[in-house]
Visitor: 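I have a structure I would like to understand better, so I am pasting it below and will then ask my questions one at a time.
On a predicted model such as this, the values are computed, not experimentally measured, just so you know. Heads up: numbering here begins at 1 and tracks the sequence.
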Amino acid sequence: MNHTTYKYSIIFLIEEKHDDFLQFLEKTYELLSSRSDSFEILILDNGTGYSMKNYQPRLLNLNCPLKAFALSKRTSQAVCLKGLLKECHGEILIVFGSHQQITEDSFIHLLDSLDNGTDIVSPVRQNRVDPIFNQLQSRVFNSLVKRITKTNVNDLSCFVRIFRREVLAETELYGDMYRYLPIFAERRGFKSKEVECINYQATSKTGLYGIKEYLDRIVGIFSLYFNTRFTRKPLRFFSAIGFIFFLIGIFILLYVFAEKFLLGKFIGNRNSLILATFLMVIGIQSASVGLLGEIIAFTHGRHKKEYVIGKKFDI
């Protein structure tokens, strides 16, 4: 079946209820309508429970191709975006959340920054208006990610992304790892760029993040660390952990034996002997898990490309 191809597919991934969503949607529509480029709009309500029928009267006023979907319960961002990729037909994807995060002028500047040498652009919000504590934790979070991935990222907390269709099609995402898309895309060989944008002040968050969000970020950092360094070589990761446990167990065991043979102490009821044995077993099991992961990675992952061909030349 032939589909009309558009230059832009504008995706709104709604993961929280927001009173200004329709106003934000209409404002985005007006900005894109003022340009000569073709576009379509896709809306996915990711289990917020807000009926899409409430959007319908005002959505009918938008003179553009539009699709709306609603999930009965929340699912991962990766599943949502991969599903929407099958539904959209734009060459360039623009992804938003449920509320505006950057100003209109900044959005246009961001859009124009996707030149021929760039595959994905991300905003770096300036003049932040959220609480000082949130800004501080954001700096710590981005700084930690920089050290782990050895990339130059400055604002992973902003949901807005503009990227070519191939970026999402060729980049493996899972769970709620969408925020790290620029990092994963760069590892696949795509060209990433960050653009300074002005934070939209009217609807910026003013409250502190919840405990769950902080825990999700910590788990995300550990997942990112593993995925960017040990996806193809899990044996190195688990064997290093196993070696540490095994080495500690050996030192404790040598200490216990030294007390036995040098000082003549009875060690049959020593807790340290049990601890040493336990640590050594944990070390061996960790290395075994790494070996099993290495076999699985080789068996199922050897045919997966770790790169993207940018240009092909005929000679």
Side-chain angles (χ1 to χ4, degrees), residues 3-4 6-35 37-108 110-111 114 120-123 125 155-165 167-169 173 176-179 181-182 197 199-200 202-205:
H3 296 284
T4 302
Y6 305 97
K7 181 169 184 179
Y8 299 112
S9 287
I10 309 170
I11 296 174
F12 292 89
L13 182 54
I14 307 172
E15 296 191 303
E16 59 181 0
K17 295 181 180 179
H18 205 281
D19 296 335
D20 294 334
F21 167 69
L22 284 175
Q23 179 181 350
F24 173 41
L25 173 64
E26 291 169 343
K27 193 182 298 182
T28 305
Y29 167 78
E30 291 174 0
L31 285 175
L32 268 296
S33 297
S34 63
R35 302 164 67 96
D37 303 311
S38 60
F39 66 93
E40 63 177 346
I41 295 177
L42 295 92
I43 305 170
L44 176 59
D45 184 350
N46 190 10
T48 65
Y50 189 78
S51 176
M52 295 298 292
K53 292 181 180 180
N54 296 331
Y55 299 146
Q56 191 172 3
R58 291 171 67 175
L59 292 179
L60 293 175
N61 295 327
L62 303 182
N63 186 25
C64 72
L66 188 148
K67 296 180 181 179
F69 310 89
L71 301 180
S72 58
K73 63 178 182 179
R74 191 185 186 284
T75 188
S76 67
Q77 295 171 351
V79 171
C80 292
L81 292 173
K82 290 293 185 179
L84 289 173
L85 182 63
K86 299 177 181 179
E87 296 291 338
C88 68
H89 307 287
E91 299 173 357
I92 297 172
L93 276 56
I94 305 170
V95 179
F96 292 114
S98 58
H99 64 281
Q100 187 174 352
Q101 290 184 288
I102 59 176
T103 63
E104 293 89 335
D105 291 339
S106 294
F107 169 63
I108 296 299
L110 190 70
L111 198 61
L114 189 70
I120 176 171
V121 290
S122 307
R125 289 169 294 173
D155 192 1
L156 291 171
S157 300
C158 188
F159 203 84
V160 182
R161 298 280 187 272
I162 301 177
F163 48 88
R164 303 190 187 280
R165 184 184 188 87
V167 173
L168 187 57
L173 285 180
D176 289 333
M177 303 293 283
Y178 163 71
R179 71 168 73 239
L181 179 60
C197 297
N199 191 194
Y200 182 67
T203 56
S204 298
K205 282 188 176 181

Visitor: So do the side chains of P123 and D155 get within less than 4.5 Å of each other, counting heavy atoms only?
Guide: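 Heavy-atom side-chain distance check fails, nothing below 4.5 Å.
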
Visitor: Do L25 and F96 come within less than 4.5 Å of each other through their side chains, counting heavy atoms only?
Guide: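 Result no, sub-4.5 Å side-chain heavy-atom pair not found.
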
Visitor: State, yes or no, whether a side-chain contact exists between L93 and I10 at a heavy-atom distance under 4.5 Å.
Guide: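 The answer is no; the side chains never approach within 4.5 Å.
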
Visitor: What I'd like to find out is whether the side chain of P182 reaches to under 4.5 Å of the side chain of R161, using heavy atoms alone.
Guide: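 In contact.
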
Visitor: Are F39 and Y6 close enough, and set up right, to give a ring-ring contact (aromatic ring centres under 6.0 Å, His included), and what steps lead you there?
Guide: CA-CA 5 Å; F39 66 93; Y6 305 97; 8.3 Å; no

Visitor: Could you tell me which non-hydrogen atom of L173 sits nearest to which non-hydrogen atom of L181, and how far apart they are?
Guide: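 L173 and L181 have their closest heavy atoms at CD1-CD1, 3.9 Å.
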
Visitor: Do Y178 and V95 come close enough that some side-chain heavy atom pair is under 4.5 Å?
Guide: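 They are in contact (side-chain heavy atoms under 4.5 Å apart), so the answer is yes.
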
Visitor: Check E40 with K67, please: is the shortest side-chain N to carboxylate O separation under 4.0 Å?
Guide: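 Looking at E40 together with K67, the answer is no, because their closest N to O distance does not fall below 4.0 Å.
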
Visitor: How far apart are the closest heavy atoms of L85 and A169, and which atoms are they?
Guide: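 Of all heavy-atom pairs spanning L85 and A169, the closest is CD2-CA, 3.8 Å.
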
Visitor: Evaluate ring-ring contact (aromatic ring centres under 6.0 Å, His included) for Y200 paired with F107, printing each intermediate quantity in order.
Guide: CA-CA 10 Å; Y200 182 67; F107 169 63; over 10 Å; no

Visitor: Please step through side-chain contact (heavy atoms from CB on, under 4.5 Å) for the pair H99 and E16, ending with a clear verdict.
Guide: CA-CA 9 Å; H99 64 281; E16 59 181 0; 3.4 Å; yes

Visitor: So, taking the atom named OG in S9 and the one named CD in E87, what distance separates them when rounded to the nearest 0.5 Å?
Guide: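 Taking OG in S9 and CD in E87, the distance rounds to 11.0 Å.
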
Visitor: How long is the span from the CG atom in L84 to the CG atom in L168, to the nearest 0.5 Å?
Guide: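 Atom-to-atom, L84:CG and L168:CG are 9.0 Å apart.
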
Visitor: Please report the closest heavy-atom contact between Q77 and D176, naming both atoms and the distance.
Guide: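 Closest approach of Q77 to D176: N-OD1, 2.9 Å.
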
Visitor: May I ask you to test the F163-I92 pair for a side-chain heavy-atom distance under 4.5 Å?
Guide: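 No, side chains not in contact.
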
Visitor: Could you walk me through whether L44 and F12 pass the side-chain contact (heavy atoms from CB on, under 4.5 Å) check?
Guide: CA-CA 6 Å; L44 176 59; F12 292 89; over 6 Å; no

Visitor: Please test D45 against F69 for side-chain contact (heavy atoms from CB on, under 4.5 Å), starting from the C-alpha separation and ending with a verdict.
Guide: CA-CA 6 Å; D45 184 350; F69 310 89; over 6 Å; no

Visitor: Would you name the heavy atoms of I14 and I43 that are closest together and state the gap between them?
Guide: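 Heavy atoms only, the tightest pair is CD1-CG2, 3.6 Å.
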
Visitor: Give a yes or no on whether a salt bridge exists between E15 and R74, defined as a side-chain N under 4.0 angstrom from a carboxylate O.
Guide: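 Judged by the 4.0 Å cut-off on N to carboxylate O distance, E15 and R74 do form a salt bridge.
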
Visitor: Check step by step if side-chain contact (heavy atoms from CB on, under 4.5 Å) holds for I120 and I162.
Guide: CA-CA 6 Å; I120 176 171; I162 301 177; over 6 Å; no

Visitor: Quick one: closest heavy-atom pair of L110 and C197, and the distance?
Guide: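 Smallest heavy-atom distance, with atoms named: CD1-SG, 4.2 Å.
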
Visitor: With a 4.5 Å heavy-atom cut-off, do P65 and H89 have their side chains touching?
Guide: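 Answer no - side chains too far apart.
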
Visitor: Any side-chain to backbone donor/acceptor pair from S106 onto I102? Under 3.5 Å, distance only.
Guide: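 Side chain of S106 to backbone of I102, a donor-acceptor pair under 3.5 Å: no, none is there.
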
Visitor: To the nearest 0.5 angstrom, please state how far the CD atom of E91 sits from the CZ atom of R165.
Guide: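 It is 9.5 Å, given to the nearest 0.5 Å.
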
Visitor: Do L32 and D37 come within less than 4.5 Å of each other through their side chains, counting heavy atoms only?
Guide: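 No, every pair of side-chain atoms sits at 4.5 Å or beyond.
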
Visitor: Find the distance between SG (C64) and OH (Y8) and round it off to the nearest 0.5 Å.
Guide: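 The distance works out to 14.5 Å.
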
